[in-house]
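This report refers to the structure that appears directly beneath it.
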There are 2 protein chains.
Amino acid sequence: MVKFKTLERKRFSDEVAEQIKQHIINKQLKPGEKLASERELALEFGVSRPVIREALKILEYVGFLEVIPGSTGGSVVRKANPQLVSGTMEVMFQLGTLEIKELLEARRIVEKETARFAAIRATTEDLARIEQTISYMQININDPDVKTKFLEANDSFHTAVARAAKNQILLLNVNSLRQAVFNLIEKHNPGYKSINSALNYHQQIFEAIKARDGKAASTVMEEHLTSFENRLND
Amino acid sequence: MVKFKTLERKRFSDEVAEQIKQHIINKQLKPGEKLASERELALEFGVSRPVIREALKILEYVGFLEVIPGSTGGSVVRKANPQLVSGTMEVMFQLGTLEIKELLEARRIVEKETARFAAIRATTEDLARIEQTISYMQININDPDVKTKFLEANDSFHTAVARAAKNQILLLNVNSLRQAVFNLIEKHNPGYKSINSALNYHQQIFEAIKARDGKAASTVMEEHLTSFENRLND
DNA sequence: TGCATTTAAATGGCATTACCATTTAAACCA
DNA sequence: TGGTTTAAATGGTAATGCCATTTAAATGCA
């Protein structure tokens with residue numbers, strides 16, 4: 001039995017987006033280069049302007065292009081940006097479950113192992129970066145807007161640790177999971193106890209990483225996140 | 001000096017997309033639910049239909065929605081889909097921002113921890129499901145199309161183990177990473193040795209899970225995937 | 001000439017209208 | 001009753017027009 005490919009009629013906008021995307025991936029369109037105007041692209045592809053616009057908006061949203069208005073504006077190819085390209089991971093985590101428990105657990109698991117690798121691979125720059133997030137948290141502990149500062153520093157800390165692990169997927173995973181968690185508990189206002197606890201754990205984790213003690217780093221990270229989870233349950 | 005927030009005029013389509021996205025994240029819109037028609041949304045938001053369409057296309061592309069034509073069509077909130085994540089990883093790989101080494105490592109890390117939880121939480125149904133994938137592999141080991149059957153059984157095995165861990169996020173993660181790996185090494189044809197090695201490891205992992213030995217399950221899973229990585233390097 | 005001003009052109013952003021193809025359900029008829 | 005036809009709803013696409021912004025060219029003035 002011969003197998004034929006099912007013919008599927010795709011949307012014009014999807015095909016346009018796909019073609020432009022392929023050109024970018026194949027380096028036929030390089031970062032900084034500008035595409036033709038929407039009106040010209042419409043002529044080239046033989047479709048209407050709204051179709052072109054839908055395609056451009058898609059590619060802009062996922063990070064391939066930047067669409068600039070004005071006389072000399074247009075659609076410019078952006079530099080590769082893994083963070084933007086992979087908001088997809090975060091999207092999936094949001095759609096994946098109604099149970100925040102699962103999200104927290106997954107985060108704990110992934111991040112604890114990431115900390116282990118951070119201890120092994122952190123450069124001096126990584127160490128400095130991690131330490132700085134701790135200082136920042138300490139400095140602002142009496143700031144009137146301590147909550148915002150804390151959340152900032154917390155983000156930076158976990159990102160810095162994940163970055164030290166030298167694995168982009170782990171970094172993306174850690175960031176996406178954390179982001180997904182905080183999206184779901186936005187009402188949560190960290191109290192003085194939470195902040196102090198986090199600060200303390202962050203210091204311990206930093207020391208472990210600095211001492212190249214992967215086992216300790218992973219253990220303390222797990223404790224840190226477990227403690228965070230327990231605090232949420234109250 | 002008082003600091004004012006710079007007013008930025010965002011595009012309507014971006015704002016519409018953002019609002020819908022937030023509703024999905026807040027679970028005010030759940031997977032399976034259908035949005036109003038484009039014409040109705042245009043009225044609700046007070047903008048034109050093309051603006052709505054641009055927003056919907058963006059959200060569809062990144063995986064939040066599925067837009068279905070026809071009389072009873074519309075925009076439906078999607079379920080989580082590992083394929084979208086692995087697809088994104090593939091793009092990152094093609095753009096040169098991701099190395100396959102990182103992918104393999106991330107997979108090993110996530111899956112080893114997932115196996116640990118599987119050992120703790122697997123039900124008898126889970127055990128049966130896992131065992132069946134092993135039988136399937138054994139039965140077809142002399143099949144002329146053994147490679148295809150092997151890949152099938154391999155997928156089923158790792159999915160079954162992850163499913164036993166009772167965490168949808170981990171399941172999604174495991175499947176995304178495995179799919180991404182196999183997308184990027186498609187040319188790789190598993191030889192007799194690979195298949196036998198995998199079969200052997202799968203059996204050991206199953207025994208460990210059955211014995212509720214989380215430590216062993218995670219250790220053997222890690223060995224299994226390390227061995228797989230080493231085989232790829234040849 | 002040189003500088004400031006005005007003007008015109010190009011671009012993306014948006015609205016409106018209209019029509020098509022597909023799909024579904026209601027209305028109809030045998 | 002059951003198959004057929006019809007109508008309605010939806011997304012897909014096209015076409016046109018106008019607006020706001022930005023830039024460069026044209027203009028005017030000193």
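Side-chain atoms are counted along with the backbone in the values below, which use heavy atoms only and exclude waters and symmetry mates. Quick note on labels: first sequence line is chain A, next is B, and so on, each numbered from 1.
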Practice task
Heavy atoms under 4.0 Å is the rule here; annotate nucleotides 6-15 of chain D 5' to 3' with B where the base is hit, S where only the sugar-phosphate is, and - elsewhere.
Solution key: ---BBBBBB-
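- Under the side chain to side chain contact (heavy atoms under 4.5 Å, CB included) criterion, A/S156 pairs with A/T133, not counting sequence neighbours.
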For residues 70-87 of chain B, which side-chain N or O atoms pair as donor and acceptor with protein atoms under 3.5 Å away, sequence neighbours left out?
unit_1: B/N81; atom_1: OD1; unit_2: B/Q83; atom_2: N; d: 2.8
unit_1: B/S86; atom_1: OG; unit_2: B/P82; atom_2: O; d: 3.4
unit_1: B/S86; atom_1: OG; unit_2: B/Q83; atom_2: O; d: 3.0

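- The salt bridge (Lys or Arg N to Asp or Glu O under 4.0 Å) search around B/D155 returns B/R178, not counting sequence neighbours.
- Checked against side chain to side chain donor-acceptor pair (under 3.5 Å), B/Q138 has no partners two or more places apart in sequence or in another chain.
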Completion exercise
Output field dot_bracket for DNA chain D (Watson-Crick or G-U, both distances under 3.5 Å, | for other-strand pairs) contains ||||||||||||||||||||||||||||||
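- Partners of A/D126 by side chain to side chain donor-acceptor pair (under 3.5 Å), not counting sequence neighbours, listed by chain and number: A/T123, A/R129, A/K166.
- Residue pairs that meet the salt bridge (charged side-chain N to carboxylate O under 4.0 Å, His left out) test with at least one member in residues 28-49 of chain A, sequence neighbours left out, are A/E38-A/R49, A/E38-A/R53.
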Give the table of side-chain donor-acceptor pairs shorter than 3.5 Å for residues 19-29 of chain B, with sequence neighbours excluded, one pair per line with atom names and distance.
unit_1: B/Q22; atom_1: NE2; unit_2: B/E18; atom_2: OE2; d: 3.0
unit_1: B/H23; atom_1: ND1; unit_2: B/Q19; atom_2: O; d: 2.9
unit_1: B/H23; atom_1: NE2; unit_2: B/Q28; atom_2: OE1; d: 3.2
unit_1: B/N26; atom_1: ND2; unit_2: B/Q22; atom_2: O; d: 3.1
unit_1: B/K27; atom_1: NZ; unit_2: A/Q94; atom_2: O; d: 2.6
unit_1: B/K27; atom_1: NZ; unit_2: A/T97; atom_2: O; d: 3.0

